[in-house]
Every structure is written in structure tokens, then in C-alpha cells.
Amino acid sequence: MTQDLPEFYFRVRENGAMVYRVDTENRQRRIEMEQIAVVNVNKGEIKPHGERELSAGEMEEIHAWMEARQALLAMRELDDIHRAVDHLNLTAQWAQARATPAQLEQVTDALLLAMHDLRTVLVRKKADRLTKD
């Protein structure tokens, strides 16, 4: 198993990751992880851990991970939007076919406000796109 481990491990956190160097070359053949940096994907920052200086190879690996992570997050974000469209359709079907009057009373105002807000933003953005063409 230790032969297949990557050289670096990225512990994902809210805005990025903590970067660890994975070491299996010790007497006990245990997996040891030494923190080498903290990464903020949103700001594009890489902060070495402690007094450590990152090598060019380490920086290259971290930058590659950051690019892959940003692509993954962008893909997930768009997938979430497609799921929201599906959920809106399912909500409409629920409201039409199964919802009780009491259930509708609980959610109608919140849904109408959220949909109005979304519609306002989408119409404004579409108008901006059309006027730029």
C-alpha cells in the first residue's frame, strides 16, 4: 500500500487545503505526514508552514492541485444549479399534485420571494448580455 501513496496529501478545508508531504521511508514503515503549507484557493495564496521554504517542485504540485480543485469546484457549482432546476420542477409537481393546503401555507411566501429574487437577477443579467452584443 505504501508504494501507491502520493507524495503530497491535501486536506481540504473551506477555502483551500492544508498540504502535507507523505513519508513512508522511515524505520517503522509508518505513514507520516508533515504539514508543509496552507493553500487558499479563493485568493490563490500559498503560505509555507512555519519557517519552511517550499521547493520549486512542491510549488508546482500545489499549483497543479489548485487548478484541478478550482475546475472541480466550478463543475460542482454548475451541477448544483442544474440540480436546483430539477428541484424546482419537482417542487412544482409536488405543489400541484400532493401538497396539502397547510404545507403550501408553510412554504408559499418563501418560495415566491426566492423565485421573484432569482427571476429579477436572471432578467437583469440577460438584459445586460443582450445589450453588450
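Just the heavy atoms: all of them, side chains too, but no hydrogens, waters or symmetry mates, feed the values below.
- The side-chain heavy atoms of His87 and Arg83, taken from C-beta on, include no pair separated by under 4.5 Å.
- In terms of hydrophobic clustering, with Ile, Leu, Val, Met, Phe, Trp and Tyr side chains grouped at heavy-atom distances under 4.5 Å, Met18 and Tyr9 are assigned to a common cluster.
- For Arg52 against Pro48, the heavy-atom pair with the smallest separation is O-CB, 3.1 Å.
- More than 12 non-hydrogen atoms from other residues, nucleotides or ligands lie less than 6.0 angstrom from CD of Glu45.
- Leu130 CG to Lys125 NZ: the interatomic distance, rounded to the nearest 0.5 Å, is 13.5 Å.
- Contact check for Arg69 versus Phe10: no side-chain heavy atoms found under the 4.5 Å cut-off.
- Leu88 and Trp94 fall into different hydrophobic clusters, where Ile, Leu, Val, Met, Phe, Trp and Tyr side chains are chained together by heavy-atom contacts under 4.5 Å.
- For the pair Trp65/Val19, no side-chain contact is recorded, criterion being any heavy-atom separation below 4.5 Å from C-beta on.
- Rounding to the nearest 0.5 Å places CG of Leu72 at 11.0 Å from CD of Gln70.
- Atom CD1 of Ile62 sits about 13.0 Å away from atom CD of Glu67, to the nearest 0.5 Å.
- Each of Glu32, Glu61, Glu7 was checked for a side chain to side chain donor-acceptor pair (under 3.5 Å) with Arg21, and the lone residue meeting it is Glu7.
- A 4.5 Å side-chain heavy-atom check between Ile36 and Phe8 finds at least one atom pair inside the cut-off.
- Annotation: side chain of Leu112 is in contact with side chain of Met115 (closest heavy-atom distance under 4.5 Å).
- Ile46 is listed as a side-chain neighbour of Met66, based on a closest heavy-atom distance under 4.5 Å.
- When the side chains of ILVMFWY residues are joined at heavy-atom separations under 4.5 Å, either directly or via intervening members, Val41 and Leu54 end up in a single hydrophobic cluster.
- Atoms CG and CG, on Leu113 and Leu118 in that order, are 12.5 Å from each other to the nearest 0.5 Å.
- Rounded to the nearest 0.5 Å, atoms CG (Asp109) and CG (Leu104) are 11.0 Å apart.
- Here the shortest heavy-atom pairing between Pro6 and Val22 reads O-CB, 3.3 Å.
- Cluster membership check: Leu5 shares its hydrophobic cluster with Tyr20, using side-chain heavy-atom separations under 4.5 Å among Ile, Leu, Val, Met, Phe, Trp and Tyr.
- Here the OG1-CZ distance, from Thr100 to Arg98, works out to 11.5 Å after rounding to the nearest 0.5 Å.
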